[in-house]
Amino acid sequence: MYWDRENETMSRDELADLQLKKLKASVERTYNNVPFCRQSFEKKGVTPEDVQTLDDLRKLPFTIKNDLRDNYPFGLFAEPLDKVVRLQASSGTTGKPIVAGYTQNDIYLWANLIARALVMAGGTNKDIVQVGYGYGLFTGGMGAHYGAERLGATVVPVSSGNTDRQLMLMQDFGTTMLACTPSYALYLGEEGAKRGIDFTKMPLKAGVFGAEPWSERMREQLEQKLDIKAFDIYGLTEVMGPGVAMECQAKQGLHIFEDHFFAEVIDPETEEPLPYGKPGELVITSLTKEAFPVIRYRTRDITILNPEPCSCGRTHVRMQRITGRTDDMLIIKGVNVFPSQIESVLLEFGETEPHYLLVVDRKGNLDDIEIWVELSSEMFNDKVRKLEDLERRIFSRIHSVLGISVPIKLVEPQTIPRSEGKAKRIVDRREI
Ligand code: ADP
Ligand code: ZN
């Protein structure tokens with residue numbers, strides 16, 4: 001099933017023609033309407049006329065998060081505010097948030113792409129979609145909402161949090177699809193089980209989970225606990241919000257919606273584009289956005305692109321699930337480690353819960369971490385010897401998979417804070 005068969009399945013040659021046409025127009029508009037863009041082109045000695053092929057995109061300057069901050073709030077908009085019908089912003093844990101603006105067409109595009117994503121997860125207009133992403137400035141709630149409505153599904157705009165109510169509505173309304181962060185979905189599963197809810201008897205069939213990194217192991221947990229199929233959705237405020245890429249039923253990577261976003265992967269150190277198949281930082285150029293176009297935006301998310309045909313029939317390039325952001329990467333004794341890699345190992349152990357924290361400290365010039373893992377309640381009452389044995393097994397498994405020796409601390413059930421939105425996996429005690 002496709003939402004937009006023509007655009008999702010066109011040959012890669014046709015797609016490239018379409019992208020080039022859209023790219024030229026978008027670059028030209030951005031250059032003409034955004035003074036900051038014009039200046040950075042001038043610094044590099046390029047003009048929109050330099051873009052005659054898709055490869056020519058490489059000549060253009062990158063856009064980085066700081067450019068967005070420096071032009072806060074509306075400096076990078078390519079349309080006047082009277083054309084902008086919506087503002088959204090990212091959480092902006094440090095400093096000013098990143099602000100995105102949307103014209104009426106941008107909102108329409110976004111809704112269409114989310115509808116496309118929902119169809120990839122098996123959604124139809126018969127579904128009841130519970131939106132458990134936060135509503136408000138965060139793009140998750142509003143994005144999923146408009147998309148589900150566009151699909152013609154029945155939307156339950158419950159937002160994140162209020163777990164009791166969330167579970168009650170899910171049962172009473174017969175929710176069939178759940179959209180929220182994977183960590184919150186897990187919490188819902190856990191709390192539901194505590195209340196005696198049997199998810200195998202519920203109509204819930206699919207989850208559309210994103211906004212934070214998660215692992216294949218986490219997918220297994222979610223699918224089993226909630227009795228659903230779990231799909232990964234990706235996006236970021238700077239580029240639009242969720243719906244930049246989405247998994248299909250094959251679950252072998254996320255199709256990037258290339259009819260609207262041009263994707264590159266670069267080496268984050270040298271900034272050189274990398275060939276397909278090599279891991280690096282995802283860089284995205286919007287092809288059709290009006291209010292807030294981005295040229296070569298460095299997402300800081302690490303992935304690998306795969307252009308091979310997919311069994312679902314879609315031709316859009318697939319990106320491997322995001323392992324982490326360059327800013328979340330820890331360097332432990334010289335080894336680059338993402339929290340999601342640690343998650344993946346931890347979830348192999350049935351005796352622990354999928355709740356963990358990486359407590360990061362600094363010893364001299366090196367990052368040092370301790371991993372806190374929550375015990376399952378059955379395990380908690382076990383003999384000390386058994387727990388020590390478990391600690392040792394986790395330690396050696398992490399050592400053999402990731403090549404680092406990290407102390408493991410088992411903590412009591414229910415002691416690691418649960419999150420309603422993006423999970424916080426790292427407690428940082430470094431004083432920088
Ligand atoms: P913030 O930067 O405040 O977190 P956003 O909501 O815009 O605000 O977050 C976008 C980021 O969230 C992405 O750049 C990426 O790091 C992460 N993200 C979003 N979806 C996924 C996903 N499916 N898998 C992994 N990471 C994701
Ligand atoms: Zn596919």
Side-chain angles (χ1 to χ4, degrees), residues 1-2 5 8-9 64-66 68-69 88-100 114 116-117 119-122 133-134 136-144 160 179-183 185 207-216 218-219 222 230-258 261 281-284 292 294 297-303 306-329 338-341 343-344 419 421-425:
M1 282 291 286
Y2 307 101
R5 177 188 292 271
E8 292 175 62
T9 63
I64 59 172
K65 197 163 194 158
N66 264 345
L68 274 55
R69 294 228 161 94
Q88 304 273 177
S90 80
S91 45
T93 31
T94 50
K96 299 279 193 193
I98 299 300
V99 181
I114 295 276
R116 185 190 282 188
V119 170
M120 290 167 82
Y133 286 113
L137 284 172
F138 173 57
T139 52
M142 298 291 275
S160 65
C180 63
T181 60
S183 51
V208 179
F209 303 134
E212 64 185 6
W214 50 306
S215 58
E216 263 325 292
M218 178 74 124
R219 188 200 315 266
L222 286 166
F231 298 89
D232 196 0
I233 187 166
Y234 169 82
L236 60 171
T237 312
E238 297 90 317
V239 173
M240 180 178 74
V244 172
M246 172 72 189
E247 268 181 336
C248 62
Q249 299 283 325
K251 295 183 188 164
Q252 297 287 327
L254 293 79
H255 289 282
I256 298 180
F257 295 155
E258 288 185 292
F261 305 104
E281 178 179 348
L282 181 67
V283 171
I284 297 180
F292 181 32
V294 281
Y297 182 69
R298 290 188 57 170
T299 64
R300 305 191 286 185
D301 292 322
I302 301 294
T303 189
N306 167 17
E308 296 305 314
C310 181
S311 59
C312 74
R314 290 179 182 82
T315 48
H316 293 175
V317 73
R318 278 171 289 164
M319 65 175 216
Q320 201 178 71
R321 69 168 53 255
I322 302 280
T323 36
R325 308 196 206 194
T326 48
D327 24 355
D328 279 348
M329 192 180 76
F338 288 107
S340 62
Q341 293 174 294
E343 167 181 303
S344 180
S419 96
K422 297 188 189 227
K424 197 167 164 2
R425 304 294 192 195

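Each ligand, and each atom within it, is numbered from 1 in the order the structure gives.
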remark   = Atoms of ligand 1 under 4.0 Å from any heavy atom of Gly210, numbered from 1 in the order shown, are 23 (N)
Numbered atoms and elements of ligand 1 in range of Gly235, under 4.0 angstrom, heavy atoms =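 Taking each heavy atom of Gly235 in turn, ligand 1 has 10 (C), 13 (C), 19 (C), 20 (N) under 4.0 Å.
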inquiry  = If the condition is salt bridge (charged side-chain N to carboxylate O under 4.0 Å, His left out), which residues does Glu8 pass it with, not counting sequence neighbours?
reply    =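 Scan of Glu8 (salt bridge (charged side-chain N to carboxylate O under 4.0 Å, His left out), adjacent residues dropped) gives Arg116, Arg314.
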query = Can you tell which of Ile284, Ile302, Asp301 gets a heavy atom nearest to atom 15 (C) of ligand 1?
reply =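 That would be Asp301.
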If you measure every N/O of [X] against every N/O of ligand 1, is any gap under 3.5 Å?
{"X": "Ile233", "result": "yes"}
{"X": "Arg325", "result": "yes"}
{"X": "Thr139", "result": "no"}

For a 4.5 angstrom cut-off between non-hydrogen side-chain atoms, does [X] reach [Y]?
{"X": "Met246", "Y": "Phe257", "answer": "yes"}
{"X": "Cys310", "Y": "His316", "answer": "no"}
{"X": "Ile233", "Y": "Phe231", "answer": "no"}
{"X": "Ile302", "Y": "Arg325", "answer": "no"}
{"X": "Thr315", "Y": "Pro309", "answer": "no"}
{"X": "Phe209", "Y": "Leu222", "answer": "yes"}

request  = May I ask you to check whether Ser215 and Glu343 show a side-chain donor-acceptor distance below 3.5 Å?
outcome  = yes
Considering only heavy atoms, does [X] approach ligand 1 within less than 4.0 Å through its side chain, its backbone, both, or neither?
{"X": "Lys65", "value": "side chain"}
{"X": "Leu254", "value": "neither"}
{"X": "Ala211", "value": "backbone"}
{"X": "Asp232", "value": "side chain"}
{"X": "Glu212", "value": "backbone"}

request  = To the nearest 0.5 angstrom, please state how far the SG atom of Cys312 sits from the CD atom of Gln252.
outcome  = 11.0 Å
message = Measuring from atom CD of Glu212 to atom CG of Asp232, what distance do you get when rounded to the nearest 0.5 angstrom?
response =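 Glu212 atom CD to Asp232 atom CG measures 10.0 Å (nearest 0.5 Å).
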task = Measure distances from the Zn ion (ligand 2) and count the protein N, O or S atoms below 2.8 Å.
result =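 For the Zn ion (ligand 2), protein nitrogen, oxygen or sulfur atoms under 2.8 Å: 4.
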ask   = Is a salt bridge present between Arg318 and Glu308, judged by a nitrogen-to-oxygen distance below 4.0 Å?
value =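 Salt bridge between Arg318 and Glu308, a charged N being under 4.0 Å from a carboxylate O: no.
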ask   = Hey, is Arg298 close enough to Glu281 for a salt bridge, meaning N to O under 4.0 Å?
value = yes
request  = For Lys422 and ligand 1, answer yes if some heavy atom of the residue is under 4.0 Å from a ligand atom, otherwise no.
outcome  = yes
